[in-house]
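Input: a single structure, listed below in structure tokens.
Indexing begins at 1, ligand by ligand and atom by atom, following the structure's order.
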Amino acid sequence: MQAGYNHPYRKPPRRQGNPTAALALVAGLAVVLVAVGVWWFVLRTVPVTVNAQELNVHEGVTVEQLLSDNDSFGAKPGNLLSVSENVITEGGGTPATVVVNGEELPVDQFASRGVFSGDTLEVTDGVDTHEEHEVSTEVVAPSVEANGTGAIQFVSQWGKAGEKEVWTGKTSGEKVDKKVTKEPQNMVVSYLNPKPQDGKKYMALTFDDGPSEYTGKILDILKEKGVHATFYNLGENAENYAKLCKRVADEGHELASHTNQHMNLPEQDRDGLRSEISSAADRIEQASGSRPQMIRAPYGAFTTTEWGRAGDLISCNVLWNIDTLDWKRPGADAIVNTVVGNAYNGAIALMHDGGGNRSQDVEALPQIIDQLKEAGYQLVTVGELMKLDGRFPEEVVEGKVSMPEDAVLPE
Ligand code: NI
């Protein structure tokens, strides 16, 4: 041991490690860990079953991604449909139908539902979906139906509105009646032949198309014979022959309307039809002081459509049982024979006091009245026939019908 070189203690020289190598080791370890993590969390595949076929998928992959990576396994998407089932967007419905482990997966979970080892998926075609829509309530008009057969038509049941649910597509703007939520009540028009029930015999003579220059002579005959008839005046003739129109009413006959201008009513639109009826009533009221509700439609043409459009304006539409065909001018005897030969209790006979040369009606009338009386008939108005029958509603017989407030017309 050398003096002065005696170090009682000396720190042993520190082993000089390589810092770079240590860092590399740590980094290496980290890389391995990350790699394992990546493999574990991202790249590791697990077996699943899709449409009965084994498949390895990255664990936790979403259903959406799985479909996207595999072309939806051949499933076709549904379409986006409008409220009336028109295609708005091809393929705009659900992309596919996916059943995971026996339970259908809602479409809004496709993006969040992960697929894990052992899952079983069934992927089939998507379904159509419908656009968003607004729901509103609208009125359903009643229909009109005819009931029975006979010369006199009247409303036996008024129509009442129903309700329906209507869907309006927010994209398409289409409107669709979805369902009736309240059924309407149909308007019913009854057709009935009057049949007086008191054991006596009655008939009604009726005169159309007047007043005219022949009306005065016919009124004279009726007055002389002491019988009453029913006159279906045209509105424009009532205006032109106002005194005769008033005389019909004043002498106790039944004054009714043949509408205004003798148009074929089924050829008129709704407004034209209503105007033909109401303007005639206006003119007859102007001339006579009373407003008729009873009509006889020209040519008898008044279908359920006309009832549906104007049933609130009239009490009844009166046709006929015996047509004299007087307008063909078959001779007074032929007119007499047609009425008398076809007479029966309750019959309504059609003649004319206007619209042409009615001299044969004037000539035939006294014989018709005399022969019917001889056969035991009483001649009455159509209103009286209805009253004697007993089955007609009182307001129809009286000519005072008003549509109830809660009723609506079909059109
Ligand atoms: Ni006529």
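Listed by chain and residue number, the protein N/O/S atoms under 2.8 Å of the Ni ion (ligand 1) are D209 OD1, H258 NE2, H262 NE2, with waters left out.
Using modelled atom types, one side-chain atom of H253 and one backbone atom of A229 make a donor-acceptor pair closer than 3.5 Å.
The aromatic ring centroids of H262 and Y299 lie less than 6.0 Å from each other. Proximity of the aromatic rings of F154 and F392 is defined here by a centroid distance below 6.0 angstrom, and this criterion is met.
Proximity of T168 to E174: side-chain heavy atoms (C-beta onward) are nowhere separated by under 4.5 Å.
Heavy atoms from other residues, nucleotides or ligands lying under 6.0 Å from CD of Q286 number 12 at most.
A salt bridge does not link D326 to R358: none of the charged side-chain nitrogens sits closer than 4.0 Å to a carboxylate oxygen.
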